[in-house]
S.K.: 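My questions will all concern the structure given below.
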Amino acid sequence: MMSKWLNVVIDPITKALHESDFFGIRYYVKQEISESISVHDGAKENHIVGDEVSFFVEAGKEGKKCYTYFNQPFAMEDIVRQMNESFCGAVMPYEYKELADSFVYGEVDLQPLEQQKDILEILSEAEERAYRQEGIATVDYCGYTKESKSIYLLDESGHCMSDRNTLQCAKLSVIARKDQDVFSAWGDVFGKQISIQQMLELSEKISRRAANGLGARSIKSGKHAAIFSNGVFSELLEAYLPVFFADMVQDKMSLLEGKLNQPIAGELLMMCEEPNALIGQCRRSMDDEGILVSEKRIIENGRLKTFLYNSETAKKENKASTGNGFKDSIIGDVGIQVTNMRCFTKQPSTITELKQSMGEGVYITGIDGVFAGVNIHNGDFSLIAKGIIITKGQEKEPFCDVTVAGNFFQLLKDIQKMGMDECCTPKGYASVICPSILIKEVTISGI
Amino acid sequence: MLKNNYIEAILDYIVSHGGDFAEVFYEETKRNTITIIGDRIANCSPGEERGIGIRFFSGQESFYLHTADYREENVFRLLKEQLSGKAMQKSSGRLADAIQQQLNIYQIAPGEVNVNQKLDLLKKAVQAGKDEDSRIVQAKVHYIDMNQWVQIANTEGIHVMDNRIKTRVLFTMFAEDGQDSQASYYGPGAMKGMEFFQENDVEEDARQTARDAVALLRAKECPTGQMPVVIGNGFGGLFFHEACGHSLEASQVKRGGSEFSGKLGCKIASEKITLVDDGSIPGEWGSLSFDDEGEKTRKNTLIEAGILKSYLVDRYNGRIMGLNPTGSSRRESYRYAPTSRMTNTYIAPGHDRFEDMIASIEKGIYVKKINAGSVNSATGEFNFNTADTFLIEKGNIVCPVRSATLIGRGGDILQNVEMVGDNFQLGQGFCYAGSGALYIGAGQPAVKIAKMTVGGGEV
């Protein structure tokens, strides 16, 4: 049992820290076992295996909060030295809270990938399917990843809470060419298990998307009504999630400060955190402070209902944590993040209805440069984009080499209709699930 | 660090079980990270990690394994799970003692300075930024120092050790005036120890960042459409990092995955362009003595007077392409397999004057600072977001405008470079790609592009 192994490892650390006058010791331990395989021309190309355990320890000394991280649990002297270094710069008061009890949530699948039936054959079949699409010149990447993560929270009283899950992900990236024209597309599919059918459907979808983009050209600059596809809206909202986090609000870095219970979006918009969302990436039962995650409404009928809190930010407002205390990485203290964030409306439309409602405009199907081109403080965004021109409610022709610019806070207010075609952000992003949306106007810059 | 006989045992095991190349990468890294927001210390975290990454090839198949538990019993357990079967009578040979070359002549190691001294310096800088203007509503600094030791050995006779010390601060200043809200960023860094703070006036850096944020308030909307662009010196070089740098990495070029695949010796840019990647510049943020495959870093001239002379090549992709490594293989940590990446990438200075570039433009924009960008190497589509941006009209810089994203295709834009200035500078940043987050330098003199698509808000 991992927790028994952990107690063997951390008990000496606890003893050494006590001897150095640290008290109230708590550990955050992350175990990650990962494996990925990719193919090229039907043969295995790259195979990567990772086996990692990382530790973060926090404790109090003279009433101050000290913490450090390490991955060599037997290097006792180094750990104590690092904690004493942390004490030198410590200013925050430390409040030790024992974990509520010992729980184990979730489970992991540690079977090696190559023992899974026919994984290389499935990848090869997916690669071959992509080439069947006319115009596909290169399958840049065709691979499969399995990650098993276990989070353990332990305190010096012997309690241990753990949250474990396994996520599998298949990813495909292709390049279509015709003469001098080039168009690329990529996508992924993920879940606890991925079926052969899902892999093959991904292959066909991505290769079709790439081939259909050939011939895309830039379009005239101007203001246009727009549909943001489900993938585009998910990616954009993901970039702006921090404006809903209490630390950003309290540090005066979010324009939503002071806007609780006020309308911040069109009345049709609902935004909820759903830890159990079926198509979400995240499978957590507790946050990184041991508090159970929960469903909550962040935007209801366009009104802002709550921010998201960890323990520290909740305490500043005499509130309870909303179970959103998550660590960005092993290095720093607990910050704020979501499990699965979902946007929807009570009366959704089909994508055909969105196009017909719009009549004339642009259907933005892809964006890039999000990490650079969004300003989360004032809401402005300017991103490279591609899509399809819509004329009389029908798809006319593809376009690319344009930017789409606007303001996120204004966009929320300008949502006129929402679709029913939900999709989740790709793996590696925070898990955000959105449908396509019709909005009043964006600025396109092209020729 | 690891003993020679342990490394030899790993390499021997791989070679005797079918590998035709094997490599061991071992790392010990100490980091200190500090984040201060206003008068609050949001994070102050020392820490240390060690780990091992083992790679081997068999033809064009590669395998990589990484773990923090570098003890012999664990490493061989993991190797045996992947490489079983009867061992052949093969050996990797005797390993020579490690070579170490100190490119990084630091004076004060980060660990020699008490954390309170670092906090004092940073708090003063943050306060200086906040005090610069009453419209500064929040000030933030993120500080990192890193002391990394790596040991790299392979079956081709390489055995090296390298010590990399890095220090960097990133200031963010937030300005509001009741109607608008803007932020500005600046992140100087170096391959230096704490002498970085003696050589750089970080309080003035914070004040200038604050001034930049305030200047953006009430900035006009940036124009939209295609127009001439002048990109400023220094970190403006990120433009070329995105427009063509990634597309010259062997990991992209192999098998036709880049718009510059198969174009060695061809003219791919204006004859004004000479593009260099050099990881051997002493003291620079993106520098390292040996790359992460143990090859000595060097000055690689990628484009010379518009002609494509070289790609950035790592060992694995070089094997596929039939090219030798260029000392360009990098990884964020032992958790990543190395691949071809940039170090300090810059456009060599030319002879044109910045003033003449501005004077030559009827209507366009001047990008003084760049935030960040990205590229699709297959199609050449790149983008970057501007920080301090100004409108040029009738040959004069007239007013600040709000930031915008500029886009283009690398192959087209490189041909459209009309003027290259004489005011070279190198800036510092991070690059995020397949082998993790890397410290990189990006530099250039001021450059004029005849025509680019500018994604402003004004139509």
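Keep in mind the model is a prediction, meaning the values are calculated, not measured. In what follows, chains carry the letters A, B, and so on, assigned in the order in which the sequence lines appear, proteins first and then strands, with residues in each chain numbered from 1. Computation of the quantities below employed the complete heavy-atom set of this structure, encompassing side-chain atoms and omitting hydrogens, waters and symmetry-equivalent molecules.
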S.K.: Looking only at heavy atoms, what is the nearest atom pair of B:Val115 and A:Cys88, with distance?
M.R.: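 Reported closest heavy-atom pair: CG1-CB, 3.4 Å.
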
S.K.: Which region of B:Arg55, side chain (C-beta onward) or backbone (N, CA, C, O), has a non-hydrogen atom less than 4.5 Å from a non-hydrogen atom of chain A, or is it both or neither?
M.R.: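 No part of B:Arg55 comes within 4.5 Å of chain A.
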
S.K.: Can you tell which part of B:Gln60 gets under 4.5 Å to a heavy atom of chain A, answering side chain, backbone, both or neither?
M.R.: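 Only the backbone of B:Gln60 comes within 4.5 Å of chain A.
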
S.K.: Hey, is the main chain of A:Gly215 close enough, under 3.5 Å, to the side chain of A:Asp181 for a donor-acceptor pair?
M.R.: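 Here the side-chain-to-backbone pair exists.
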
S.K.: Under 4.5 Å heavy-atom distance to chain A, tell me which part of B:Ile370 shows up: side chain, backbone, both or neither.
M.R.: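 For B:Ile370, there is no contact with chain A at all, as no heavy atom is under 4.5 Å.
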
S.K.: Which atoms of B:Tyr70 come close to chain A, meaning under 4.5 Å heavy atom to heavy atom: side chain ones, backbone ones, both, or neither?
M.R.: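 Just its side chain gets close to chain A.
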
S.K.: May I ask you to say whether A:Glu32 pairs ionically with B:Arg335, meaning some side-chain N is under 4.0 Å from a carboxylate O?
M.R.: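 Salt bridge: no.
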
S.K.: With a 4.5 angstrom heavy-atom cut-off, is it the side chain or the backbone of B:Lys451 that approaches chain A, or both, or neither?
M.R.: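 Contact with chain A: none, neither part.
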
S.K.: Is B:Lys118 close to chain A through its backbone or its side chain, or both, or neither, when contacts mean heavy atoms under 4.5 Å?
M.R.: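 B:Lys118 has no heavy atom closer than 4.5 Å to chain A.
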
S.K.: Side chain from CB out, backbone as N, CA, C, O: work out which of these in B:Tyr316 comes under 4.5 Å of a heavy atom of chain A, or both, or neither.
M.R.: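 The side chain, not the backbone.
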
S.K.: Kindly determine whether B:Asn43 and B:Thr33 satisfy side-chain hydrogen bond (donor to acceptor under 3.5 Å, both in side chains), including the steps that lead there.
M.R.: CA-CA 7 Å; B:Asn43 179 52; B:Thr33 58; 3.2 Å; yes

S.K.: Between B:Phe239 and B:Phe382 (judged by ring centroids, cut-off 6.0 Å), do the two rings come close enough to count as a pair?
M.R.: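 Under 6.0 Å, so yes.
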
S.K.: With only heavy atoms counted, which part of A:Asn375 is less than 4.5 Å from chain B, the side chain, the backbone, both or neither?
M.R.: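 Looking at A:Asn375, just its side chain touches chain B.
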
S.K.: Can you name the nearest heavy-atom pair linking A:Met83 to A:Thr68, along with the distance?
M.R.: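 Taking A:Met83 first and A:Thr68 second, the nearest heavy atoms are SD-CG2, 3.6 Å.
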
S.K.: Does any heavy atom of chain A fall under 4.5 Å from the side chain of B:Phe174, the backbone, both, or neither of them?
M.R.: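 When you check distances to chain A, only side chain atoms of B:Phe174 fall under 4.5 Å.
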
S.K.: Less than 4.5 Å to any heavy atom of chain B: does that hold for the side chain of A:Lys65, its backbone, both, or neither?
M.R.: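 Neither the backbone nor the side chain of A:Lys65 comes within 4.5 Å of chain B.
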
S.K.: Most heavy-atom pairs under 4.5 angstrom with chain A, which of B:Ile37, B:Leu119, B:Thr35?
M.R.: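 It is B:Ile37.
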
S.K.: Can you tell which part of B:Phe56 gets under 4.5 Å to a heavy atom of chain A, answering side chain, backbone, both or neither?
M.R.: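 Contact with chain A is absent: no heavy atom of B:Phe56 under 4.5 Å.
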
